[in-house]
Amino acid sequence: MKQLWVLMSVLLLAACGGDAGNCVRLSGGAKYCLVDGPAPQFETEQTATVTYAGNTMHMLTRIRSGKDGLHFAGVTPLGQTLIQVSWENNVLHAQLPPGAGDRLDGALFVALLQLAVWPAERVREGLSNRLTLIEQSGRRIISDGDRTLLTISWEGTTLPYDRLRFEAPASHLLIDARVLNEADAS
């Protein structure tokens with residue numbers, strides 16, 4: 001249960017409250033609005049490590065993305081579902097832990113995935129005016145011109161990436177997700 005509260009605190013600090021509609025605040029006050037349209041096609045199960053302020057939490061994630069939208073589930077290592085979020089036809093659905101709905105924005109999960117795997121031109125549509133997306137080999141950087149707000153890096157050449165990493169320096173947040181192999185699951 002402590003891990004759940006660590007996760008909610010981390011995501012809450014990263015999001016700092018959502019805007020009306022399907023927009024979320026990212027680290028450093030940046031805003032990203034979810035974009036609609038076809039999602040890249042992939043399905044994956046990952047192990048994710050979330051580190052914030054000396055606290056570390058481990059969870060498993062299940063992600064399905066494609067023509068029917070984006071579906072995300074976060075579960076404990078023992079399989080208890082913590083979070084379910086979907087983005088279909090420009091509509092967000094989120095099932096969050098009891099009492100977390102007013103403090104945790106389900107759109108943040110979709111936003112992080114869009115920032116990482118959607119085509120760069122689509123991601124730019126969702127960024128607030130003062131933000132830029134710098135795309136380099138194996139990584140993306142979201143910047144406000146003066147500072148890096150979010151760095152997303154990956155290993156692998158096709159979706160789902162073997163490893164996906166989010167670093168938000170202003171909030172001291174690190175999310176490191178790696179695809180589960182069949183050997184990992186047994």
Side-chain angles (χ1 to χ4, degrees), residues 1-18 22 24-27 32 34 39-40 42-66 68-88 92-118 139-140 142 149-156 158-186:
M1 188 55 106
K2 178 184 175 193
Q3 291 181 341
L4 174 60
W5 289 113
V6 170
L7 172 66
M8 290 191 313
S9 298
V10 166
L11 294 174
L12 187 70
L13 288 170
C16 291
N22 294 314
V24 293
R25 291 211 180 276
L26 302 172
S27 179
Y32 179 77
L34 301 179
F42 71 96
E43 197 166 327
T44 186
E45 290 188 355
Q46 304 172 321
T47 178
T49 303
V50 179
T51 305
Y52 173 75
N55 293 307
T56 300
M57 182 200 150
H58 301 280
M59 71 178 192
L60 302 175
T61 61
R62 295 182 185 120
I63 303 167
R64 189 177 78 243
S65 177
D68 65 335
L70 176 69
H71 302 267
F72 172 92
V75 300
T76 68
L78 295 176
Q80 177 187 10
T81 301
L82 299 172
I83 300 159
Q84 288 188 12
V85 179
S86 66
W87 176 248
E88 299 173 290
L92 180 72
H93 298 280
Q95 293 178 343
L96 305 172
D102 58 337
R103 297 181 311 235
L104 181 62
D105 189 353
L108 182 63
F109 298 96
V110 177
L112 288 174
L113 287 167
Q114 285 190 356
L115 288 165
V117 303
W118 257 238
R139 79 178 186 173
R140 288 180 171 174
I142 307 297
L149 302 176
L150 181 65
T151 300
I152 304 162
S153 58
W154 58 86
E155 294 175 7
T158 59
L159 292 174
Y161 297 127
D162 297 327
R163 181 180 188 189
L164 191 55
R165 186 177 167 98
F166 300 88
E167 296 179 65
S171 59
H172 307 286
L173 169 66
L174 174 65
I175 301 172
D176 191 4
R178 298 169 190 253
V179 169
L180 279 174
N181 299 319
E182 287 183 30
D184 296 333
S186 57

Using a 4.5 Å cut-off on heavy atoms from C-beta on, say whether the side chain of Leu113 contacts that of Trp87. no
Going through the checks in order, is the side-chain hydrogen bond (donor to acceptor under 3.5 Å, both in side chains) test met by Thr151 and Glu167? CA-CA 5 Å; Thr151 300; Glu167 296 179 65; 5.9 Å; no
Closest heavy-atom pair and its distance - Ser65, Ala39: OG-CB, 3.3 Å
Would you call Val117 and Phe42 a side-chain contact if the rule is heavy atoms closer than 4.5 Å? yes
If you measure from OG1 on Thr81 to CE on Met59, what distance do you get to the nearest 0.5 Å? 11.0 Å
Run the numbers on Leu34 and Gln114 for side-chain contact (heavy atoms from CB on, under 4.5 Å), then give the verdict. CA-CA 8 Å; Leu34 301 179; Gln114 285 190 356; 3.9 Å; yes
Any idea which heavy atoms bring Leu26 and Leu108 closest together, and the distance? CD2-CD1, 3.8 Å
Working to the nearest 0.5 Å, report the span between OH of Tyr161 and CD1 of Ile152. 10.0 Å
When rounded to the nearest 0.5 angstrom, what distance separates CZ in Phe109 from NE2 in His71? 16.0 Å
Which heavy atom of Leu96 sits nearest a heavy atom of Gly106, and at what distance? CD1-N, 4.3 Å
Please indicate whether Arg139 has more than 12 foreign heavy atoms, meaning atoms of other residues, nucleotides or ligands, lying under 6.0 Å from its CZ. no
If you define the side chain from C-beta out and look only at heavy atoms, does anything of Thr61 sit under 4.5 Å from Phe72? yes
Between Ile142 and Leu115, is any pair of side-chain heavy atoms under 4.5 Å apart? yes
Check: Met57 and Tyr52 side chains under 4.5 Å, non-hydrogen atoms: no
Among Arg178, His58, Arg165, which residue meets the side chain to side chain donor-acceptor pair (under 3.5 Å) test with Thr49? His58
Looking at Thr44 and Ile63, would you say the former's side chain and the latter's main chain have a donor-acceptor pair under 3.5 Å? no
Roughly how far, to the nearest 0.5 Å, is the CZ atom of Arg64 from the CD atom of Glu43? 6.0 Å
Nearest-0.5 Å distance, CG of residue Leu92 to CG of residue Asp105: 7.5 Å
Asn55 side chain near Val50 side chain, heavy-atom distance below 4.5 Å: no
Please tell me if the side chains of Leu112 and Leu150 come closer than 4.5 Å, counting only heavy atoms from C-beta onward. yes
Under the salt bridge (charged side-chain N to carboxylate O under 4.0 Å, His left out) test, which residues partner Arg62, sequence neighbours left out? Glu45
